[in-house]
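Have a look at the structure below, then the notes.
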Amino acid sequence: MSDLLAHLNPPQLQAVTLPPVHALILAGAGSGKTRVLTTRIAWLISTSQVSPHGVLAVTFTNKAAKEMTARLAALIPVNTRGMWIGTFHGLCNRLLRAHHREANLPATFQILDSADQLGAIKRLLKNLNVDDEKFPPRELMNFINSHKEEGVRAAQAQAFDTWAQRRVELYAEYERQCQREGVVDFAELLLRCHELLLRNEPLRQHYQERFRHILVDEFQDTNRLQYAWLKLLAGGGAKFFAVGDDDQSIYAFRGADVGNMRDFEGEFAGPNVIRLEQNYRSHGNILAAANAIIKNNRGRLGKNLWTDAGEGEPIRVFEAYSDLDEARFVVEEVRELARDGVARNQIALLYRSNAQSRVLEHELFGRGVPYRVYGGLRFFERQEVKHALAYLRLIGNPEDDTAFLRVVNFPTRGIGARSLENLQATAHQLNSSLYNAAASLTGKAGTAVGAFIRLIETLRQETGGLRLPEMVEHVLEKSGILQHYRTEKEGQERLENLDELINAAATFIDDEGVVMAEEAGESGALVAFLTHASLESGEHQAGEGDEAVQLMTVHSAKGLEFDVVFITGLEQGLFPHENAVLEGHTGLEEERRLMYVAVTRARQRLYLAWAQTRMLHGQTRYAVPSSFLDEFPQELLLRLNRPAPVSTGSGRVYYAAAPEPEGGLRIGQSVHHAKFGLGVIVSAEGRGADARVQINFGAAGMKWLVLEYAKLDPA
DNA sequence: TGGGAGTGCTTTTTT
DNA sequence: AGCACTCCCA
């Protein structure tokens, strides 16, 4: 018990040992928020204020949930297996599985990941003969998801013109299609669960009485629906403990609403707001820089990080001639650091957008520095794995048209677009799934389709008594997937991944077997595994070895920390991103929070780099340094000497001379425009009447202006 | 059926 | 530039 609370600083201790009240913990970067959250749970349980059964702990990522579970198990002897610790989606799934009838879902309902969802929407548009120029699938998907995240069903959605009405109809059609197929997308998982609790009073009461303490991590990232869901569950007197940092809210673009924090303060926490401001991660200069940056945002809940670690090193700034030059510099520094004994996995190269990783990777590769890139394809998202899962899904639920279409002709078995069109027409007539339509046609229509149906039926029978791993293996072999990749040139890696899928199934049974047997029964193993695959798409695919430099976007760096951090591409239009600047004040503030997150990742040393020219979308852009660079206190900065431009043996120079625009202007010059105000010329193109210049007007954004018409005065 | 050419897009991303 | 996607031909 005293062990439990040892080494907590006073605010941490206060937060952990708060009596049963609602509370908001404003936890700055590196202030030990996960520690506070887990210790709070451990303290509540070990002081018998709540049973493990009465705790609901919610996170955003599976990784965070796992970490919390592991830490809790290390703190107190408790069986975390049966506890409700998980992600919003995972917990909603659990609730919906347990009460699928009340939620009007089949026991075997499957979860669509984003790619599946997009596919389902494309298919819907095709079936309804909708012009996808007028209704781009991606846009429709965003429309549907954002409505669901606001808790708005198609029936309640507003539409003021015929186009918007049509869009709402398509939303409704999509809902019908999912319902018919027994599939549920990510947003639906939450919305359906919320509706279930809202409408079903006995169930609601049951859970409201059960959960006495609700604890939420990364509260600043919740959307409206998630907050509503939490409030509903807390409605029976549970104590609501939210931990978050409004300054690290960087997911507004996907529906997160920082306003939830302010609302929560008003509706729940009241006076119980505790600030964790002591930072245990970074040296003083880094923290001072972070504080100075974030200070420029308005409407913050307010927080000032401090440390007793000492000032540490100055922040190094490097101005490169080009993106290549920047990469060269970064990699050279990395090599030097590694020589000086810094572990490579303690060095992070951060960038605003993924496209920027290419130059860095190229340079790292060229110099033989091991590196690891985060982001990209994950295990359960790989095509061969998705194919295999589609067979399994079809065995578990023949109504799943998404799965059907994915593998009906994979490996190719002579079922072309024509037979599929017929099949879809039949399915439409019968108002049934493609699978059932195909089954009813078997005999008269194409034998190929019939053979496919027989294949699935056979697989279902043959695998009926098998354990999950054997089942997967059997399906891989008999479906022809393995054979297909064995003959393919580039199939080796895919075969390995399919092997890995069998292992994943075995591991899954070992890890989850007990829980599953309780919740789903023996036959539920397949469904549970498929759910696992959708909900937890697997580790990011990344290079092996922990002695590798870490490359990632600033977004994916949230929650991580490194001894040395390089923030690259600090150019206006890139970071802050042009699109964000165009969104105005809100957009710029989110970019600033992103900058804050980036800076606070560093423990000992921070580099800031920018390049005068950069290849972007196949064109060289002439850049202006990021406005954020001016927001750093200049006395904290150490400007590194720029090495003379270097030309390689091949004669290639690492920086390019900017083409000068006409009219006595030059790149980098400040000009004044009657409407947009003060700006800096960023690039130029064309001659004579075509001559245009690109000008960065700061808040007014980036503009291309034709010299002949634009009235520009040197400023 | 599969590949090659042509077209268009391009911020961030978890579940 | 690079990638995903579509379309058309052998």
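Since the model is a prediction, treat every value here as computed from it, not as a measurement. Chain letters run A, B, ... following the sequence lines, proteins first, then strands; residues in each count from 1.
- Distances were taken from every side-chain heavy atom of A/Tyr251 (C-beta onward) to each of B/dT15, C/dC5, B/dT13; the shortest belongs to B/dT13.
- Stacking between A/Phe253 and the base of B/dT12 is present: ring centres sit under 5.5 Å apart and the planes differ by under 30 degrees.
- Judged by the 6.0 Å and 45° rule, A/Arg328 forms no cation-pi pair with A/Tyr321.
- In this structure, the CG atom of A/Leu377 is 15 Å from the C1' atom of B/dT14, given to the nearest Å.
- Between A/Tyr351 atom OH and B/dT11 atom P the separation is 16 Å, expressed in whole Å.
- Donor-acceptor pairing under 3.5 Å is lacking for the side chains of A/Thr402 and A/Arg393.
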Kindly indicate, with the supporting measurements, whether the criterion side chain to side chain contact (heavy atoms under 4.5 Å, CB included) is fulfilled by A/Glu326 and A/Arg614. CA-CA 10 Å; A/Glu326 180 190 63; A/Arg614 182 177 297 275; 3.1 Å; yes
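- Shortest non-hydrogen contact noted between A/Leu189 and A/Leu96 is O-CD1, 3.5 Å.
- Distances were taken from every side-chain heavy atom of A/Ser114 (C-beta onward) to each of B/dT15, B/dT12, B/dT1; the shortest belongs to B/dT15.
- Counting any heavy atom pair closer than 4.0 Å across all strands shown, A/Asn409 reaches sugar-phosphate atoms only and no base atom.
- If you take CG of A/Leu118 and P of B/dT13, they are 18 Å apart, rounded to a whole angstrom.
- Here, B/dT12 and C/dC5 have their P atoms 16 Å apart, quoted to the whole Å.
- Relative to the side chain of A/Arg254, the nucleotides B/dT15, B/dG2, B/dT14 differ in distance, and B/dT14 lies closest.
- Considering only side-chain atoms of A/Asn579, the nucleotide from C/dC5, B/dT15, B/dT11 that sits closest is B/dT11.
- For the pair A/His577 and B/dT11, the ring geometry qualifies as stacking, because the centroid separation is below 5.5 Å while the planes lie within an angle under 30°.
- What separates CG of A/Asp323 from C1' of C/dG2 is a distance of 15 Å, to the nearest Å.
- Nucleotide B/dT13 holds its P atom 5 Å from the CG atom of A/Asn354, rounded to whole Å.
- The CD-P distance, from A/Glu381 to B/dT15, rounds to 10 Å in whole Å.
- For A/Ile250 and B/dT11, the CD1 to P distance is 17 Å, given to the nearest whole Å.
- With A/Arg593 as the partner, the side chain to side chain contact (heavy atoms under 4.5 Å, CB included) test is satisfied by one option alone out of A/Asp245, A/Leu588, A/Ile294: A/Ile294.
- Counting non-hydrogen atoms under 4.0 angstrom, A/Asp221 reaches nothing in the nucleic acid.
- With C1' as the reference atom, C/dT6 and B/dT11 are 25 Å apart, rounded to whole Å.
- Each of A/His555 and A/Arg413 has a nearest nucleotide on DNA chain B; the 5'-most of these lies closest to A/Arg413.
- Comparing atom distances between the A/Thr61 side chain and each of B/dT11, C/dC3, B/dT14 picks out B/dT14 as nearest.
- Across B/dG2, B/dT10, B/dT13, the shortest atom-to-atom separation from the side chain of A/His617 is found for B/dT10.
- As rounded to whole Å, 16 Å separates atom C1' of C/dC5 from atom CG of A/Leu125.
- A/Leu608 CG to A/Thr568 OG1: the interatomic distance, rounded to the nearest 0.5 Å, is 10.5 Å.
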